[in-house]
Amino acid sequence: MATTKTDPKLALTANGAKKSKLYEGLTRDQLIQAYRFIYTSRRIDDREILLKRQQKIYFQMSGAGHEGIGVAAGLALKPGYDWFYPYYRDRALCLALGVKPYDMFLQGVGAANDPSSGGRQMPSHWSYPELHIVTQSSPTGSQILQAVGCAEAGRYLARHPKAAEVPASATGDYRRFKNVSFQGDEVTYVSLGDGTSSEGEFWEAMNAAALGKLPVVFCVEDNGYAISVPVEVQTAGGSISRLVSGFPNFHFEEVDGTDPVASYAAFQRATRYCREGHGPAFVHAHVIRPYSHSLSDDERLYRPDAERERDSQRDPVTRTQMFLLREGILDEKGINQLEKEVEAELQIAVDQALEALPPAPESIMNFVYSPDLDPASSVFDTPAAVAELPADGKKPAGKTMADLITTTLRDEMKRDERIVIFGEDVADCSREEYLKRKLVKGKGGVFKLTFGLQAEFGNDRVFNAPLAEAAIVGRATGMATRGLKPVVEIQFFDYIWPAMMQIRDELSVIRWRSNNGFSCPVVIRVAIGGYLTGGAIYHSQCGESVFTHIPGLRVVFPSNSQDAAGLLRTAIRCDDPVLFLEHKRLYRESFGRAAYPGADYMVPFGKAKIVQPGTDLTVITYGAVVPRALQAAQKLEREQGVRVELIDLRCLNPFDWDTIAASVAKTNRALVAYEDTLSWGYGAEIAARIADKLFDQLDAPVRRVAAKDVFVAYQPILEDAILPQPNDLFLAMKELSEY
Ligand SMILES: Cc1ncc(C[n+]2csc(CCOP(=O)(O)OP(=O)(O)O)c2C)c(N)n1
Ligand SMILES: [Mg+2]
């Protein structure tokens, strides 16, 4: 087991003088155990391949050829202490960390009691919370940035141990549902294939780990191929070691990963370097891939026999077996006995797994969101503190949305030490001495919403990230998995797309795919939207429906200061990942200013606000269209006496269907208005639901007003023609009311 650390005394006393010889620190017993894991791993692959051919399981991914490096890593690291982001070939690693063969077969059959996902993920997508093996996915490389975030969280918690505590009063607070643990010298392991090292996220992760001198061991398991693409076509010069050698602060190892003893020695050196706090380590392990890429691949189509034959001479199973024989650690009888025991164990495991019950179809919606804390519940419905009147009795000056977002962030940071804020330019000044010597005032975000927070809470809690959006979200996801509450900023919605893989395939699905084993309630604040006169294509985008289309992600879009404060607080305290959309045009608008509603004011998700009650027509909108629709509605009432009921959704997922339905039942007419392009936009779904569910109540067709199906142009004349204007809203409202 990996918890059995190298201990020379143990070898002497347990095995007598002759058997005291150590192999790079490994005892003879550990070597026998290593062979058992290697052999077990290979035989599980063989059994799974058979089961797949018999159509008793549905997919197979083998770890064949990678067992040597896997078992070595498992022996050098500590399950339940260190953290693991393994990839699909890491079967032997998982066995060495304590995963049982039975658990692996449960994955294959997709059993309800498969501890990694309850039948939701393919086999070899490891997830075992108690061992600290973090849920893995299928996109190659998306685990790497999360591993960096995981390591950052460990270090943050070691510096801020109080952050791990849960205040007794924390009702309506995600912290009650997050067990936080950390070790001062913990290491985070992450592995990937040679092909995956071409992914941009790999390089972003290497950079972040080097910058932060983080205790991450990167293990590239180089089998020379990515499906059919050979390494020299994949990696410039053919050697990933050579390419990464310039990264500072790293310890580098290059090793024959089919040799478990040499691999163990490499891992011992690598982990020691990390544990001592010098920085990250990089282990480049040369391995083989004897079983084609997967069962859907036949490598004979692109690899000649001679090449495959050459590889087979380095097979870790036979190699380790020969080593044990040569060293007299086991004789042939001993090998046979061990293999027989493994076969017997696997037979029982297979038989039991084939009997396991499948998950119930009724369970499909479980754990899309937190089962513990519902952000739409009354816990998050708290009144605004009555703003104190100034001594002169005049109303206090209204605060802008920008002001109240900053104040809310500050108050929540005071309340919860797990909150860290990072992103591009969010710090006041990375060169802290300039601030300390009062040489500069500080920036605090391109819109200045995080101004003053670094100065107040320190560099540990508010810091600039490299210009890499996937890294911002990926690192945040890893941190939140460990229990921190990252509130990260994507500078402009237009640049969220590099983070899309992390948002769509990781952040929003981690809880569901791990069957509630892991969760990562990150808040992503994003400046969104147009109406900027000059914002153009790349500073004006909307596109919220792309994100409301993702299960597992809450999407919020306030239109005024008070809602922004209340919704942001709910976002921070809730237990789900939240995309918090802040309209740039509304940041400092005079519309919707308000006094600060206090440090406990919350607005529950999925509760719309009736901006103006009415009887003749329902207008459903959100964001920057709210003030424009209000202007149009007021004009319509003035000129035509038509009374519009204006609904501001405020939250897009979940959204407030009840308020929409009650209003349409009253007015019998509905207009959905949104700033994004018309076709397949967010309002299309609302319109479809009204048409579907409220057909009998309608006296007119459901109409939409939105942007033209084109990009937002720079020249203001064009921008006006593209985005929905008050007059467009007025005309649509008028026409619908007259229908
Ligand atoms: C982002 C992404 N692109 C493509 C794929 C399809 N795919 C799965 S494995 C693989 C090759 C991976 O090769 P490598 O990283 O060398 O790992 P190996 O399988 O050789 O161990 C590809 C292209 C994927 N899963 N994810
Ligand atoms: Mg490969």
Side-chain angles (χ1 to χ4, degrees), residues 41-42 45 48-49 59-70 73 85-94 121-126 135-147 189-206 218-236 238-241 243-244 254-258 263 282-299 301-303 307-308 311 314-316 470-471 473-474 497-507 509 513:
S41 181
R42 181 66 59 89
D45 279 325
E48 280 192 356
I49 289 165
F59 193 79
Q60 209 279 328
M61 231 23 228
S62 95
H66 293 230
E67 297 97 337
I69 189 71
Y85 286 76
Y87 89 120
Y88 47 83
R89 304 243 188 254
D90 279 344
R91 189 189 297 289
L93 166 76
C94 289
Q121 287 228 83
M122 291 174 158
S124 299
H125 286 52
W126 322 109
T135 171
Q136 293 306 301
S137 61
S138 300
T140 51
S142 55
Q143 73 278 22
I144 315 171
L145 286 164
Q146 292 172 33
Y189 164 97
V190 62
S191 59
L192 55 139
D194 47 293
T196 300
S197 70
S198 299
E199 291 283 0
E201 291 195 7
F202 165 74
W203 296 94
E204 293 182 17
M206 291 287 288
F218 294 78
C219 179
V220 171
E221 299 179 23
D222 182 354
N223 56 23
Y225 278 92
I227 308 186
S228 67
V229 183
V231 67
E232 72 275 13
V233 176
Q234 188 76 247
T235 304
S239 164
I240 189 63
S241 276
L243 290 191
V244 299
E254 186 166 2
V255 67
D256 180 347
T258 64
S263 298
F282 187 87
V283 178
H284 180 189
H286 293 277
V287 296
I288 59 164
R289 194 197 67 182
Y291 283 10
S292 292
H293 172 71
S294 72
L295 274 194
S296 328
D297 173 49
D298 179 0
E299 66 175 2
L301 296 174
Y302 52 86
R303 298 185 78 186
E307 186 185 305
R308 294 169 57 237
D311 264 11
R314 292 172 55 226
D315 191 305
V473 176
W497 309 116
M500 199 60 190
M501 174 79 92
Q502 286 295 331
I503 295 173
R504 177 67 179 81
D505 283 355
E506 299 292 334
L507 179 73
V509 69
R513 79 177 186 220

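Both counts, for ligands and for their atoms, begin at 1 and track the order of listing.
Note: F59 CZ to S294 OG = 5.0 Å, rounded to the nearest 0.5 Å. Rounding to the nearest 0.5 Å places CZ of F202 at 10.0 Å from OG1 of T196.
Contact record, S197 with T235: OG-OG1, 4.1 Å, taken as the closest heavy-atom pair.
By the salt bridge (Lys or Arg N to Asp or Glu O under 4.0 Å) test, E307 pairs with R303, sequence neighbours left out. For D505, there are no salt bridge (Lys or Arg N to Asp or Glu O under 4.0 Å) partners two or more places apart in sequence or in a different chain.
Between H293 and Y88, the ring planes lie perpendicular to each other; the angle is over 60°, past the 30° to 60° tilted range.
Between the side chains of Q143 and E506, no donor-acceptor pair of N or O atoms lies under 3.5 Å. A side-chain donor from one of Y189 and D90 sits under 3.5 Å from a side-chain acceptor of the other.
Judged by distance alone, with hydrogens and angles left aside, the side-chain atoms of D222 form no donor-acceptor pair with the main-chain N or O of D194 at under 3.5 Å.
Ordered by chain and residue number, the residues placing a heavy atom less than 4.0 Å from ligand 1 are H66, Y87, Y88, R89, S138, P139, T140, G193, D194, G195, T196, E199, N223, Y225, A226, I227, H293, M501.
Counting only protein N, O or S atoms closer than 2.8 Å to the Mg ion (ligand 2) gives 3.
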